[in-house]
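What follows is a set of notes on a single structure, which appears directly below.
Naming convention: chains lettered A, B, ... in sequence-line order (proteins, then strands); numbering from 1 in each chain. Hydrogens, waters and symmetry mates play no part in the numbers below; they use all other heavy atoms, side chains included.
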2 protein chains.
Amino acid sequence: MQKETLCLGLLSLGPRSGYEIKQMFEGPLSDFYSLSFGTIYPTLNSLQADKYVSCKQHSQSKKPDKKVYTITKKGMDLMKDNLLGDASSYIRSGNFGDQIKSEFFLLLLFSKYIPNETMNTVLNERVLYLRQKLEQFKYDGPVPGNLDAIRNEKSVSFIRGLASALIETGLNYMEKNRHLLKKKIN
Amino acid sequence: MQKETLCLGLLSLGPRSGYEIKQMFEGPLSDFYSLSFGTIYPTLNSLQADKYVSCKQHSQSKKPDKKVYTITKKGMDLMKDNLLGDASSYIRSGNFGDQIKSEFFLLLLFSKYIPNETMNTVLNERVLYLRQKLEQFKYDGPVPGNLDAIRNEKSVSFIRGLASALIETGLNYMEKNRHLLKKKIN
DNA sequence: GATTATATATATCAATCTGATATATATATG
DNA sequence: CATATATATATCAGATTGATATATATAATC
């Protein structure tokens, strides 16, 4: 999916600044996708130049102006067109997997060259992290204002349910099978 | 993990060409990590220049020479040092998650702007893909020669078991809950 | 039998993206 | 009172990808 479509999609949930879009990537979207500031800000500028979004500058005494972007009708149209195109490309591509870079799995793969105590800590920290993630996905209380819209999306309940189920399976598997990883060669 | 450490780690399983390393990323490693030719070839050249690997040129009548790299003692030492450093960094970083870019989840997220029939195909193809993946992870028969070594790593049985469990959970969840995604706004 | 597609094999590079840094201030923490 | 973190935008060197070039063998399709 193009960065433009993704930014428009997030702005379709309500007006937002670049900083707040980044917060969505760091927060609820962090397990599925991310873009850096170096991509977000130039993308918003180019979307504004082409009238896909409008921008209101909120001067905040002494802090840099907060630029709040609102998606336009033209922007909504482009977003829908692009999403349909992206879905069709996804289907045609034959590539239905996700792009993953997992430091954790690389460490597992080469674990025989890593001291047992170190690998133990790696596994313990991963388990702790997953437990935290599980809580996050199950948590149903209030969230900060700028993250509220995404939380209320219907598709997001489906995704959160899926993520919770996957993490629970992962945790159970690791508890039952981590003894298989003992013993290093060197 | 640095690309150098990763390439050395794969060469520690046995001598290999750059092309064969790429095949590992396309095959058994594809769900955990990947590097492109544009990264692999220059990395191997620099590892060779610094004597971390040696290289034997197998001239094959009319095809480009196959350059088979073998990890040296110096290379094994660097690999182990780096792996220990990487594991320690992983622990200290506080960042225990994986880096993921999932076109599928983005399409789910914005599914209300995508026609029902299109999303249906997206979900069907994803399910088909996951069923295939599951078979792959459970398959215990013979694999092509250059992929044999990684298959026989102890840690890989742990990883394959985990992956199978996760995919099964994902498939079950999607079967039971995909009805929740029906109905689009537009 | 001819053509097309796929596999083997390395190499290079424009375009893209990230991670770091710069700038400036407010607020929380120790 | 000093330090760290959060808000907020912007930029860019360096790293990475995805595409392309080169060359041939083999398998599939027509």
How long is the line joining NZ of A/Lys67 and P of D/dT7, in whole Å? 19 Å
Can you measure B/Ile40 atom CD1 to D/dG18 atom P for me and round it to whole angstrom units? 12 Å
A/Asn82 CG to A/Met1 CE distance, which is reported to the nearest 0.5 Å: 9.0 Å
Rounded to the nearest 0.5 angstrom, the CD1-CG distance for B/Ile21 and B/Leu11 is 4.0 Å
Has A/Glu117 got more than 12 heavy atoms of other residues, nucleotides or ligands less than 6.0 Å from its CD? no
Could you tell me how far apart B/Leu44 (CG) and C/dA9 (C1') are, to the nearest whole angstrom? 13 Å
Counting C-beta onward and ignoring hydrogens, is there a side-chain heavy-atom pair between B/Lys101 and B/Glu103 closer than 4.5 Å? no
Phosphate OP1/OP2 of D/dT9 contacted by A/Tyr41 side-chain N/O (<4.0 Å): yes
Please report, rounded to the nearest Å, how far the C1' atom of C/dT12 is from the CG atom of B/Asn45. 12 Å
Interatomic distance where CD belongs to A/Gln57 and P belongs to D/dT9 [whole Å]: 9 Å
From CD of A/Gln2 over to C1' of C/dT16, roughly how many Å is that when rounded to an integer? 13 Å
Rounded interatomic separation in angstrom, taking CE from A/Met1 and P from C/dT16: 18 Å
Would you indicate whether the side-chain heavy atoms of A/Tyr69 and A/Asn45 approach each other to under 4.5 Å? yes
Can you measure B/Lys56 atom NZ to C/dT10 atom C1' for me and round it to whole angstrom units? 20 Å
Would B/Lys66 count as a cation-pi partner of B/Tyr19, with NZ or CZ less than 6.0 Å from the six-membered ring centre and within 45° of the ring normal? no
Side-chain H-bond candidate by donor/acceptor type, A/Gln23 with A/Asn146, under 3.5 Å: yes
Does any residue of residues 4-31 of chain A have a heavy atom under 4.0 Å from DNA chain D, and if so, which ones, in number order? A/Ser17, A/Gly18, A/Tyr19, A/Gln23
So do the side chains of B/Leu35 and B/Lys3 get within less than 4.5 Å of each other, counting heavy atoms only? yes
Are there any protein N/O atoms within less than 3.5 Å of an N/O atom in nucleotides 12-16 of chain D, and if so, which ones and at what distance?
unit_1: D/dT16; atom_1: OP2; unit_2: B/Lys3; atom_2: NZ; d: 3.4

So B/Leu106 and A/Leu83, do their side chains get closer than 4.5 Å, heavy atoms only? no
